[in-house]
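Structure first, then comments.
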Amino acid sequence: MTHDPANLTMADYLDGAREMAAAGLPFLAHLLAEEAARRVGDPAAARSIRAQYTDPTTDRG
């Protein structure tokens, strides 16, 4: 990572989540998306982000 993590934005974390999902790494995508959701100011947007990148270790069946 070439950026200082303290300076990363919500968009940076969401971009990372998309990259990890595309690379077949759903848990890393979930972690990055969770951080993006924490940084967004709108609760509805945070719920939407979390819904797109659910925790793959949680049994929902």
Side-chain angles (χ1 to χ4, degrees):
M1 180 181 290
T2 60
H3 299 285
D4 178 1
N7 293 329
L8 294 176
T9 66
M10 181 273 304
D12 293 327
Y13 282 102
L14 201 50
D15 286 344
R18 287 185 192 109
E19 289 177 17
M20 293 302 105
L25 300 167
F27 187 68
L28 290 177
H30 164 71
L31 292 176
L32 290 164
E34 184 62 34
E35 186 58 34
R38 285 189 196 116
R39 292 172 182 257
V40 70
D42 178 19
R47 282 191 300 274
S48 176
I49 291 169
R50 287 183 175 110
Q52 293 175 54
Y53 297 94
T54 57
D55 185 348
T57 64
T58 302
D59 183 358
R60 299 197 185 257

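Computed over heavy atoms, backbone and side chain alike; hydrogens, waters and symmetry mates excluded.
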To the nearest 0.5 Å, what is the distance between [atom1] on [X] and [atom2] on [Y]?
X   : Y   : atom1 : atom2 : result
E34 : D55 : CD    : CG    : 9.0 Å
E19 : L28 : CD    : CG    : 12.0 Å
L32 : H30 : CG    : NE2   : 10.0 Å

For [X] versus [Y], what's the shortest heavy-atom pair and its separation?
X   : Y   : result
A37 : R50 : CB-CZ, 3.7 Å
A21 : A29 : N-CB, 3.7 Å
A17 : Y53 : O-CE2, 3.9 Å

| query | So if you build clusters from Ile, Leu, Val, Met, Phe, Trp, Tyr with side-chain heavy-atom gaps below 4.5 Å, do L8 and I49 land together? | reply |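 Each belongs to a different hydrophobic cluster.
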| message | Applying a strict under-4.5 Å side-chain criterion to I, L, V, M, F, W and Y, I'd like to know whether M20 and Y13 cluster together. | response |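 Both belong to a single hydrophobic cluster.
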| query | Can you find a pair of side-chain heavy atoms, one from R18 and one from Q52, that are under 4.5 Å apart? | reply |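 No. Closest side-chain heavy atoms not under 4.5 Å.
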| field | Donor-acceptor under 3.5 Å (D12 side chain, T9 main chain) | value |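 Such a contact is found between D12 side chain and T9 backbone.
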